[in-house]
Structures are given as C-alpha cells and as structure tokens.
Amino acid sequence: NGGPIYGNGSAGANNYPLKGGKMNNWEGGIRGNAFVSGGFLPPSRRGIKWSGLAALWDWYATFAAFAGVDATDHRAAHAALPPIDSYDMSR
C-alpha cells in the first residue's frame, strides 16, 4: 500500500494516480487490493467489482457471514462492552 513520502515532502515512490503515501490517510497510503473466491461467496456477489471503502476488521464480520456464523461477541455484550466494530461487506 503506497510508497513512502519523506518528511521533507519529497517522494520516495510514485503512487500516481493516488494522492499521498505511507503514514498518511490519503488513498496512496491506505488503499490496497483484495479478492474473495470460493463456494462461500454468495452468487449475487460473484463476478462484481466493488470499489467501496473497507478496513481490515471488516473482514471478520464478512467471513463470519459467509460461514453462517453470528459475529456478535456475546460475552462482551454481557459485560456491557461495545459491540464489534466490523461491517459485513457481503451485503
């Protein structure tokens, strides 16, 4: 994900057409590629290109949904802790 942009503003790599580089929140610093395949992928999601935003922790709820498992942390909920911060991207 992205090449370095040094403290003096000089670029150590070319992230064109993305802006920014490592250690910043522009697309050049955080954007990466991913793919999912296999029998658990719902037919409605096969063969599509999704260009939305997702974070690493979103894979937890997504893979749980593919496997038909409830992603809720019931022990944490019982202890009055906040719910998991993960979004099911298979919807």
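What you are looking at is a predicted structure, and each value in this text was computed from that prediction instead of being measured.
- Atom CZ of Phe63 sits about 11.0 Å away from atom CG of Asp88, to the nearest 0.5 Å.
- Cluster membership for Trp50 and Leu56, using ILVMFWY side-chain heavy atoms within less than 4.5 angstrom, is shared.
- Applying the salt bridge (charged side-chain N to carboxylate O under 4.0 Å, His left out) definition to pairs two or more places apart or across chains, none involves residues 38-58.
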N/O donor-acceptor pairs under 3.5 Å from side chains in residues 76-86, not counting sequence neighbours:
unit_1: Ser86; atom_1: OG; unit_2: Trp57; atom_2: O; d: 2.5
unit_1: Ser86; atom_1: OG; unit_2: Ala61; atom_2: N; d: 3.0

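- Atoms CE and CZ, on Met89 and Phe66 in that order, are 7.5 Å from each other to the nearest 0.5 Å.
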Applying side-chain contact (heavy atoms from CB on, under 4.5 Å), run through Trp59 and Val36 and close with a yes or a no.
-> CA-CA 10 Å; Trp59 288 113; Val36 178; 3.3 Å; yes

